[in-house]
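I have placed the structure first, in the form of structure tokens, so that the comments after it can refer back to it.
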Amino acid sequence: MDDRLADVTDTARPRLLLIDGHSMAYRAFFALPVDKFSTSTGQHTNAVHGFVSMLANLIRDERPTHVAVAFDAGSTTFRTEQFPQYKGTRDATPEPFKGQVPLIKEVLESMRIMHLEKDRFEADDILATLSSQADGLGMEVLVCSGDRDSLQFVNENVTVLYPVKGVSELARMTPVAVQTKYGVEPGQYPDLAALVGETSDNIPGVPGVGPKTAAKWINQFGGLEQILEHADEITGKAGESLRAHLEQVRLNRVLNHLLLDVDLPLGPDDLRAQPWDREDMHRVFDALEFRALRERLFAMMPAEDSGDEPGGAPTFEVAVADLTTDGLSGWLTAREGRSLGLEVAGKHTPAAGDAWMVAIADDAGDAAVLDLADLPARDDEALRAWLQDPAAPKVLHGAKGAWHALAGRDYVLDGVVFDTELASYLCHPDQRTYDLGELTIRHLHRELRVEEPETGDQGAFDLSLDGNGEAQRLAVRAAALVQLAEVLAGDLRDRGASDLLTDLELPLGTVLAQIERRGIAMDADYLRELERHFGEVVSAAATEAYAVIGREVNLGSPKQLQEVLFDQLAMPKTKKIKTGFTTDAAALADLFAKTEHPFLEHLLAHRDATRLRQTVEGLLKSVAEDGRIHTTFQQTIAATGRLSSTEPNLQNIPIRTEAGRRIRRAFVVGDGYETLLTADYSQIEMRIMAHLSGDEGLIEAFRTGEDLHSYVGSRVFGVPTSEVTAAMRSKIKAMSYGLAYGLSPFGLSKQLNIEVSEAATLMEDYFSRFGGVRTYLLGVVAEARSIGYTATIMGRRRYLPDLTSDNRQRRDMAERMALNAPIQGSAADIIKVAMLGVEKEIAARGLRSRLLLQVHDELVLEVGPGERTELEALVREQMAGAADLSVPLDVSVGVGTSWHDAGH
DNA sequence: ATCGTAACGTA
DNA sequence: CGTACGTTACGATG
């Protein structure tokens, strides 16, 4: 016996998982509905999803130590050369399946799972060869394949997992299972298949001979050779039929014999499972829009034991200090001047935060953990002094949240020199989340896992869940921070983003924390009145709508609306969507123009009022005890660099319609303040376009101070500015903005309700006058394609690997992102700079006025008594001076006691 | 309970 | 077949 294996115990025995990629992907394709699985770019993903889901289950349930996936290489194999009809009845590959196999390969590569294919051979031959080699090495082998030919190499060490229903249920085909199901030994299965045939491979069997007869013969004569020798002796119709098809059966047997000696570049030993490339997995899963599946996969891994299993990365070692003698003060003094990691457990919500426990750690893993509910006065003082000391450098992950938690206990947080969440966002702005545990695995190859104590009680109580475990967990996170910051700082430097963190995002985090804590005052009584009013409009519209169609339906259900509109009322079909035909507002308005059916009017009114009522309800629920709404500004969500607002979203409060604007009256100036002030950049994106493109015409347009769209319209249409009609102006406006989004002539024609040719002419005319814009837009995409990213005026990058994708939809999408990201992102940079300037200048002058909201190109402030004039000048100056562009940054200001009245 | 989808609000 | 977001209700899943 091979002595390498002599001491291998059964539990440590290597286990090789082999998957027939094409056959399982194809099964998954038919098991899952195509229309339920596709990305926003239209790429179908049902086969990918099914395949990866199955793979996840296999890894979880079977715990393979080695994995490989084999694919068919092409249409011609040594079998088709011998028998051209082989697999000839297969329908052409369905269109939605095409393109999914390369995506599966991308997933496998990100998981560092080998995939193999070889010219002229089928996946099954590769699997047979690897299986036989692995068996020879003493490995346990699992073969996952939907091709029954693979049953021939089942033995005591080799099990085939054969899909019985979809890809989620797999039958374990052991020798006994094969014997039970087919009545023959696994090695004789090809004999049986040769007699019975295989329709899906276009292999005709002996007519009248099914699996029962074939098995009977095989057991009676001992095998196919013997059956063929004794063919004359077999009586009856079946025997006759057999004699008429001897050649076919011989050929079948040749074809279904799998090769065990395919020459492969890799052997079983090379297939050992590797730690995942998590960064790449994020990229791939982001593109596939597999959220739940990604979570499932990542959730599986930390549970693995830390042996040599994939993903079992080492953890952090921490030593939690005993503060009973020297106290926190001594511990901190010993580390003066060093950057320390700070982790705060508690509620991280604005104006309602609370901190329960604090962990501080140095880069060596020495940590101090403080239970704030039970803190000696001297430690409380030391903690307070250290937290608010701007000269005591701290590293946090999501400092804004910690700021809120600490504020709940009246601690002031200052001296934050690094935020690992913000840093990671600047490096990879397309990620959705920046989980600290994910980052430590990716950058430090360590897990945030607290090692169970060796003497851990295995009884009813889990010791790790008591207070001490919480302290350990917090200490581990704090200890990870300093090390992580070092790596990320290097990453930031490489990407030219160090200043963005230090001079922009970090200080902005503090400004946002203050803004969120302030909140904005609400007139709750007025909101309740609005709610009642919109509620009445909803009821009235519903009643009238029901009367028109003679029954009550749920007007909020697109499904029921489709029945009413297209079945009951037999209206013309609207644009197709996944679930049928759209009932969106544009389509309903279109239908109304065609049919003038009164139901549509009531339905639209109902939609409007329902929406407004929902908005009002949501706002009412969000009013805090202080009578103000405290939104959270997300600083690491938008890939372009914008902020976003949640719980509630105050960046999408209605303004376009009069009814909607009424909601803005509920946002009011707070007690002790004079008024609200809004200040917004006018046409900032077009100004950035002018600056970035350097187009002389566009720059001149802004310098003249004339109305932009009229100016551009006069140049495009060749008429004096005074003769630019409203219709001309609105066309120009739509096109100008569209250009910054990568608008096509088709899209423009759709939006303006004009012919595609007219839209194309319009764009052509525009570019002939403003050629610099076209040059710029083409250049942006070309440069991004070659360097891999776009950049804003402050160097904020967005990476767009899909610019070189083979998939046209994905490539086109990436191109539009490339066009928009520098413009939207630069505007975001500029207003962020302005916010810092405003906040700083207000503080420098000792004003009471304060920032309350940011809505992308607008700031809302509360004006202290008597400060209106000074504040307006200050805000104008800071906003206009936030960037030095080749065009002026125009700011318009409004004042009023409500957001509505302060608007303009 | 959880998830994806449709719809719709903002810049 | 225009970018960037967040929230809600519905209805199909488990």
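Quick note on labels: first sequence line is chain A, next is B, and so on, each numbered from 1. This one's a predicted model, so the numbers in the text were calculated from it and none came from an experiment.
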Going by atom types only, do A:Gln824 and A:Thr640 share a side-chain donor-acceptor pair under 3.5 Å? yes

No-H, no-angle donor-acceptor pair, A:Asn652 side chain to B:dG9 base, under 3.5 Å: yes

Side-chain N or O of A:Ser645 versus OP1/OP2 of C:dG6: is the shortest distance under 4.0 Å? no

Starting at atom CD1 of A:Ile653, determine the distance to atom C1' of B:dC8, rounded to an integer number of angstrom. 13 Å

What's the closest nucleotide to the side chain of A:Phe746 if the choices are C:dA4, B:dG9, C:dC1? C:dC1

From C:dA4, B:dA7, B:dT10, nucleotide with atom closest to A:Thr583 side chain: B:dA7

Any carboxylate oxygen within less than 4.0 angstrom of a Lys/Arg side-chain nitrogen, looking at A:Arg613 and A:Glu536? no

Whole angstrom is fine here: how far is it from CD1 in A:Ile830 over to P in C:dA4? 19 Å

Any donor-acceptor N/O pair, A:Gln651 side chain to A:Gln854 backbone, under 3.5 Å: yes

Counting only side-chain heavy atoms from C-beta out, which of C:dA4, B:dT5, C:dG2 sits nearest to A:Thr579? B:dT5

Base, sugar-phosphate, or nothing for A:Ile655, non-hydrogen atoms under 4.0 angstrom? sugar-phosphate

Report the nucleotide, chosen from B:dG9, C:dA4, B:dA6, that has the shortest atom-to-atom distance to any side-chain atom of A:Lys578. B:dA6

Pick base, sugar-phosphate or nothing for A:Ala585, based on heavy-atom distances below 4.0 Å to the nucleic acid. sugar-phosphate

Ionic contact status for A:Lys731 with A:Glu758, cut-off 4.0 Å: yes

Are a donor atom and an acceptor atom from the side chains of A:Gln562 and A:Asp567 found within less than 3.5 Å of each other? no

Do A:Thr582 and A:Thr574 have side-chain atoms, one donor and one acceptor, less than 3.5 Å apart? no

Under 4.0 Å, counting only non-hydrogen atoms across every strand here, what does A:Ala639 touch: a base, just sugar-phosphate, or nothing? sugar-phosphate

For A:Glu647, report the nucleic acid contact type (base, sugar-phosphate, nothing); a contact means any heavy atom under 4.0 Å. sugar-phosphate

Regarding the side chain of A:Arg816, the nearest nucleotide among B:dT5, C:dG2, B:dG9 is C:dG2

How does protein reach along nucleotides 8-14 of chain C, written 5' to 3' as B (base within reach of a heavy atom under 4.0 Å), S (only sugar-phosphate), or - (no contact)? SSSSS--

Would you say B:dA7 has OP1 or OP2 under 4.0 Å from some side-chain N or O of A:Thr582? yes

C:dG6 pairs with which nucleotide, Watson-Crick or G-U wobble, both distances below 3.5 Å? B:dC8

Classify the nucleic acid contact of A:Arg607 as base, sugar-phosphate or nothing, counting any heavy atom under 4.0 Å across all strands shown. sugar-phosphate

Let me know the distance between CG of A:Asp590 and P of B:dA7, rounded to the nearest Å. 14 Å

Nearest to side-chain heavy atoms of A:Asp584, which nucleotide of B:dT10, C:dA4, B:dA7: B:dA7

Are the charged groups of A:Glu531 and A:Arg528 less than 4.0 angstrom apart, N to O? no

Can you check the A:Ile577 CD1 to B:dC8 C1' distance for me, whole Å? 14 Å

Kindly say if A:Arg808 contacts the phosphate of C:dC1, meaning a side-chain N or O under 4.0 Å from OP1 or OP2. no

Which part of the nucleic acid does A:Ile637 contact within heavy-atom distance under 4.0 Å: base, sugar-phosphate only, or nothing? sugar-phosphate

Nearest to side-chain heavy atoms of A:Asn649, which nucleotide of C:dC1, B:dA11, C:dG6: C:dG6

So do the side chains of A:Leu861 and A:Leu676 get within less than 4.5 Å of each other, counting heavy atoms only? no

Report the nucleotide, chosen from C:dC5, C:dT3, B:dA6, that has the shortest atom-to-atom distance to any side-chain atom of A:Ala638. C:dC5

Just compare C:dG2, C:dT7, C:dA4 and give me whichever is closest to any side-chain atom of A:Thr646. C:dT7

Would you state whether a donor and an acceptor, one from the side chain of A:Arg642 and one from the base of B:dA11, lie under 3.5 Å apart? yes

Using 30° and 60° as the class boundaries, would you call the ring planes of A:Phe599 and A:His597 parallel, tilted or perpendicular? perpendicular

Would you mind telling me which of B:dA11, C:dT3, C:dG6 lies closest to the side-chain atoms of A:Gln634? C:dG6

I'd like to know if A:Arg811 pairs up with A:Asp802 as an ion pair, taking the criterion as any Lys NZ or Arg NE/NH1/NH2 lying under 4.0 Å from an Asp or Glu carboxylate oxygen. no

Would you mind reading off the distance between A:Tyr741 atom OH and C:dG2 atom P, rounded to a whole angstrom? 12 Å

Rounded to whole Å, the CG-P distance (A:Asn46 to B:dG4) equals 15 Å

A:Glu815 CD to C:dG2 P: how many Å, rounded? 13 Å

Report yes if a side-chain nitrogen or oxygen of A:Thr640 is closer than 4.0 Å to either non-bridging phosphate oxygen (OP1 or OP2) of C:dC5; otherwise report no. no

Indicate, with a heavy-atom threshold strictly under 4.0 Å, whether A:Arg613 touches base, sugar-phosphate, or nothing. nothing

Could you tell me whether A:Ile823 contacts a base, only the sugar-phosphate backbone, or nothing, with contacts defined as non-hydrogen atoms closer than 4.0 Å? nothing

OP1 or OP2 of C:dC1 under 4.0 Å from side-chain N/O of A:Lys750: no

Considering every strand and a 4.0 Å limit on heavy-atom distances, what is the contact class for A:Leu650: base, sugar-phosphate, or nothing? nothing

Starting from P on B:dC8, measure out to CG on A:Leu561 and report it in whole angstrom. 10 Å

Please determine whether a side-chain nitrogen or oxygen atom of A:Ser644 lies at a distance below 4.0 Å from atom OP1 or OP2 of C:dG6. yes

